[in-house]
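Remarks on the structure that follows.
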Amino acid sequence: MRWKRTIQLLDVHAEGEIGRVAIGGVPKIPGDTIAAQLHWLNTDPKGDELRRFLCLEPRGAPIGSVNLLLPARHPEADAAFIILQPDQAHASSGSNSICVTTALLEAGIVEMQEPETIVTLETAAGLVKATATCRDGRCEKVKLTMVPSFVHELDVEIDTPHWGRIKADLCYGGIFYALVDVGQINLTIEKANAAGLVQAGMILKELINRDIKVVHPQIPAISGVAYVMFRDTEADGTVRTCTTMWPGRADRSPCGTGNSANLAALHARGRAKAGDVFTSKSIIGSEFEVGLQAVTEVAGRQAVIPTITGRGFTFGLTQVALDPFDPHPSGFALTDVWGPSAGEI
């Protein structure tokens with residue numbers, strides 16, 4: 001073959017959300033820390049080119065993420081990774097942490113120990129401890145101890161042209177979220193409403209980021225509201241979620257970082273305490289177990305340590321390649337699949 005670049009991807013999903021893991025051919029990413037590497041991917045033309053190569057057509061698609069496995073910088077970490085999505089590189093993700101853990105163990109990159117293997121993942125947001133339940137060579141489930149999550153501001157009011165004044169909680173769970181009670185947009189979280197939910201999420205994200213600036217107090221590379229997550233609570237206490245993602249799609253999983261951010265909001269309102277555990281359900285009905293392990297501080301702000309438990313499943317092995325004569329090395333996107341925002345790519 002005359003390929004100019006090849007990257008091997010192990011195809012994995014966590015409770016329905018695709019998180020392919022680049023296990024071979026990942027180029028060297030400049031930066032002394034994972035946060036610095038995240039910044040490079042989001043600001044350097046070569047980093048942008050790599051993300052577009054993997055996430056846009058004809059090699060990628062709007063659905064899912066690609067996780068770049070990187071050498072760990074922290075002495076306690078077994079592996080490091082950064083999440084690539086069509087809009088940018090992201091610092092942290094619960095579903096992708098489950099996918100990466102599953103890939104590391106089932107591909108033999110990290111030795112699997114039965115009945116339990118602990119894998120420490122390094123992200124730009126900090127260390128994530130993954131406790132994997134393993135049997136017969138399979139990773140059955142993964143419990144993540146997430147990075148400290150905190151409230152930036154509760155009940156932020158946003159004037160919208162469609163729904164009037166809406167309230168949102170701006171919280172951090174590894175990335176920044178706007179958490180919105182779904183009843184405010186006159187919808188419910190179910191499959192039939194996916195298109196309406198993501199359209200609303202894209203509108204709200206643009207309005208919020210236009211008017212409100214959020215930056216992590218200790219990690220400047222993490223800034224801006226990454227996603228709008230709609231939430232609801234069922235009669236039995238189950239939290240129903242729909243995280244909306246650029247260019248306009250719904251997270252298929254219950255969303256680990258989103259539930260971490262929401263846990264910080266629940267704790268701040270006195271609705272969750274250390275030791276509490278509840279179920280979070282996604283738009284497709286898949287579930288995460290969410291726990292509040294401990295209370296801590298981040299830069300003087302009260303914070304919580306969340307746990308997220310879910311399952312990852314491998315479903316394929318892909319080699320993505322670039323023909324040196326391919327006229328689309330950086331990928332493309334069309335409005336027929338990607339929506340109106342594709343005109344901005």
Side-chain angles (χ1 to χ4, degrees), residues 5 7 9 19-56 60 65-97 99-101 103-104 109-110 119-130 144-150 152 171-177 209 213-227 245-246 256-257 260-261 296-301 303 330-331:
R5 166 187 282 169
I7 296 179
L9 304 175
R20 292 184 166 90
V21 182
I23 59 174
V26 177
K28 183 177 180 180
I29 307 299
D32 295 332
T33 65
I34 305 303
Q37 291 175 306
L38 173 73
H39 179 73
W40 181 86
L41 285 164
N42 280 329
T43 58
D44 191 279
K46 290 184 179 179
D48 183 65
E49 178 184 291
L50 176 63
R51 177 184 56 79
R52 292 174 63 98
F53 169 75
L54 289 168
C55 295
L56 299 188
S65 307
V66 174
N67 297 290
L68 293 183
L69 281 185
L70 301 171
R73 302 305 179 93
H74 196 286
E76 297 176 16
D78 296 296
F81 75 102
I82 292 174
I83 304 109
L84 301 184
Q85 292 180 350
D87 61 338
Q88 66 179 72
H90 290 275
S92 184
S93 164
S95 65
N96 282 293
S97 293
C99 288
V100 167
T101 302
L104 289 171
I109 299 170
V110 172
V119 181
T120 302
L121 302 173
E122 186 177 7
T123 76
L127 296 181
V128 174
K129 177 184 174 183
L144 304 171
T145 303
M146 303 289 279
V147 300
S149 301
F150 58 85
H152 176 77
C171 300
Y172 176 82
I175 48 181
F176 283 102
Y177 280 81
N209 281 324
K213 304 302 179 186
V214 293
V215 181
H216 193 285
Q218 297 173 331
I219 313 171
I222 303 177
S223 63
V225 169
Y227 308 120
M245 313 172 78
W246 193 91
T257 47
S260 296
T296 185
E297 285 190 357
V298 173
R301 305 182 189 191
S330 295

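Note that this is a predicted model, so its numbers are computed, not measured.
Within a 6.0 Å sphere centred on NE2 of H216, other residues, nucleotides and ligands contribute more than 12 heavy atoms.
Nearest heavy-atom pair across L56 and P86 is CD2-CB, 4.3 Å. Minimum heavy-atom separation, A261 to C171: O-CB, 3.5 Å. Heavy atoms only, all atoms of each residue included: H39 and A221 are closest at CB-CB, 4.4 Å. Of all heavy-atom pairs spanning V128 and S97, the tightest one is CG1-OG, 4.4 Å. Taking both residues in full, the closest heavy atoms of N42 and A89 are given as OD1-N, 2.7 Å, listed atom of the first, atom of the second, then distance. Closest heavy-atom contact between T101 and A130: OG1-CB, 3.4 Å.
Here the straight-line distance linking atom CD1 of I219 with atom OH of Y172 works out to 4.5 Å at 0.5 Å rounding. Note: S93 OG to I175 CD1 = 7.0 Å, rounded to the nearest 0.5 Å. In this structure, CG in D78 is found 7.5 Å from CG in L121, a value given to the nearest 0.5 Å. Here CG of L9 is found 10.0 Å from CG of L69. Values are rounded to the nearest 0.5 Å. For the atom pair CG of L38 and OG of S92, the computed distance is 10.5 Å after rounding to the nearest 0.5 Å. Rounded to the nearest 0.5 Å, atoms CD (E122) and CD1 (I82) are 9.5 Å apart.
At a threshold of 4.5 Å between non-hydrogen side-chain atoms, the residues I7 and F53 count as touching. Contact check for L50 versus R5: side-chain heavy atoms found under the 4.5 Å cut-off. With a 4.5 Å cut-off on side-chain heavy atoms, F81 and C99 do not count as touching. Using a 4.5 Å heavy-atom cutoff, the side chains of R51 and L84 are in contact.
Using modelled atom types, no side-chain atom of E76 and backbone atom of T120 make a donor-acceptor pair closer than 3.5 Å. With hydrogens and angles ignored, the 3.5 Å screen pairs no side-chain donor or acceptor of N67 with any backbone N or O of I83.
For H152 and Y177, the ring centers are positioned 6.0 Å apart or more.
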